[in-house]
Amino acid sequence: MNGWAQIAAPQFNLRLTLESGQVFHWWPEEGGGYRGLIGAIPVRVRQVCDRLCVTPGTEALVAYYFALDHDLEAICSTFPKNDPALTLAATYCRGIRMIRQPLWECLATFLTSSMKQVAHIRQMSHAIRHQFGNPIEGWEPLAVYPEPERLAQATEEQLRACGLGYRARHLLGTAQAVAQGVVDLEAVRAMDDEAALAELCRLPGVGPKIANCVLLFAYERTRAFPIDVWIERVLRETYFKRKRNTTVRQLKEFAAGYFGPYGGYAQQYLFHHARSQGRSRNLRAED
DNA sequence: CTCCAGGTTCCGG
DNA sequence: CCGGAACATGGA
């Protein structure tokens, strides 16, 4: 165990957490571990039962990043009772935690996520990091996500070259707005959920779905409930089976009232479970 | 080749 | 407020 430090990580699943669509810049290593970045700090991490082996000196950083202080047992106990679909998803996703991501990198990454598969988001994120951010020497292929000031100086064409498509205009506009202080991401921390959502939605290309992702994955707003195509399907098929003409507005209101103070956790579990099931179903259909 | 992907914006009822 | 359409790109 030379070169590793250990920390306790009960009720945690590293692989599921990293592959549940929250972050897109962690790379599998031989032996089941990962290397990635927490902000600008390169980290290696692998799980052995209820412990994490991490790069020495990053213990506290890793514990904070993966929210190991969240009491998952208590969180799941706040979920609605007698909900087989949610119970199944929560069981399947046991150990997934909401990562505490750096604000800008989370916002910028999810800004590029619209109408893109997870694999594409990873590609675009990787391209942006390598085109505009600093690579970490000896930690190939890691590169730090570029600051808004850096992207604000890019051209829309350069961003399109990273595979962004129409999202290039949005990312550029948002980078400029943040760099100029039109929207102060740190100041959003002090706002209540509703005001924070509205503030983030002022940025070009940021609507309610992306804003809620950022609130959940970066601002630690565990009530935030992003509704994407997957979750919309789950909600309709699970809770509005016979009601053909339910509006998105009604789905939002239902989710806000139904899932409770840790609705974001419920959302992530329903999302990851549905996506996993969909995949295996597609795989089965192909043979 | 067709379909669709962790949406947002703009437009006409 | 609501439903549709446009918006780019790439993997299945």
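Within every chain, numbering begins at 1; the chains are lettered A, B, ... in the order of the sequence lines, protein sequences first and strands thereafter. Only heavy atoms go into these numbers, but all of them, side chains included; no hydrogens, no water, no symmetry mates.
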Of the nucleotides C:dG11, C:dC7, B:dT8, which has the atom closest to the A:Y166 side chain?
C:dC7
Which part of the nucleic acid does A:Q268 contact within heavy-atom distance under 4.0 Å: base, sugar-phosphate only, or nothing?
base
Does some side-chain heavy atom of A:V214 sit less than 4.5 Å from a side-chain heavy atom of A:L103?
no
Would you kindly give the NE2-to-P distance between A:H126 and C:dG11, to the nearest whole Å?
14 Å
Nearest-nucleotide pick for A:M115, side chain only, options being C:dG11, B:dG7, B:dT8
B:dG7
Any donor-acceptor N or O pair under 3.5 Å, side chains A:S114, A:Y166:
yes
Separation of C:dG3 C1' from A:E232 CD (nearest whole Å):
12 Å
Which nucleotide, C:dC2, C:dA8, B:dG7, lies nearest any side-chain atom of A:R249?
C:dC2
From the options C:dG3, B:dA5, B:dG7, select the nucleotide whose nearest atom is closest to the side chain of A:W230.
B:dA5
If we only count heavy atoms from C-beta on, is the A:H25 to A:L142 side-chain gap below 4.5 Å?
no
Measuring from the side chain of A:Q123 (C-beta onward, heavy atoms only), which nucleotide among C:dG11, B:dA5, B:dT9 has the closest atom?
C:dG11
Just the rounded figure in Å: distance from P of B:dT8 to CG of A:L111.
9 Å
Rounded to the Å, how far apart are A:F271 CZ and B:dG7 C1'?
13 Å
d(CD, A:Q117; C1', B:dT2) in whole Å
14 Å
First of A:P204 and A:H120 reached from the 5' end of DNA chain B, by closest nucleotide:
A:H120
Quick one: is A:S114 getting a side-chain N or O under 4.0 Å of the B:dT8 phosphate, OP1 or OP2?
no
Under 4.0 Å between a Lys/Arg side-chain N and an Asp/Glu carboxylate O for A:E19 and A:R275?
no
Would you tell me if any nitrogen or oxygen in the side chain of A:R167 comes within less than 4.0 Å of OP1 or OP2 on B:dA5?
no
Whole angstrom is fine here: how far is it from CZ in A:R169 over to P in C:dA6?
16 Å
Could you measure between the two P atoms, the one in C:dG11 and the one in B:dT8, and give it in whole Å?
24 Å
Write down the distance between CD (A:E156) and P (C:dC7), rounded to a whole number of angstrom.
14 Å
What nucleotide among C:dA8, B:dT8, B:dA5 has an atom nearest to a side-chain atom of A:I210?
B:dT8
Of A:W27, A:Y145, A:F24, A:F132, the one forming a ring pair (Phe, Tyr, Trp, His ring centres under 6.0 Å) with A:H126 is A:W27
For atom P, what is the distance between C:dA8 and B:dC11, given to the nearest Å?
15 Å
DNA chain B: A:G205 or A:R233, which has the more 5' nearest nucleotide?
A:R233
What about the rings of A:F271 and A:F225, do their centers lie closer together than 6.0 Å?
no
Within the structure shown, what part of the strands sits under 4.0 Å from A:F24 by heavy-atom distance: base, sugar-phosphate, or nothing?
nothing
With a non-hydrogen cut-off below 4.0 angstrom, is A:S20 in contact with a base, only sugar-phosphate, or nothing?
base
Any donor-acceptor N/O pair under 3.5 Å between C:dT9 base and A:K116 side chain:
yes
Atom-to-atom span, CZ of A:R122 to P of B:dA5 - whole angstrom
17 Å
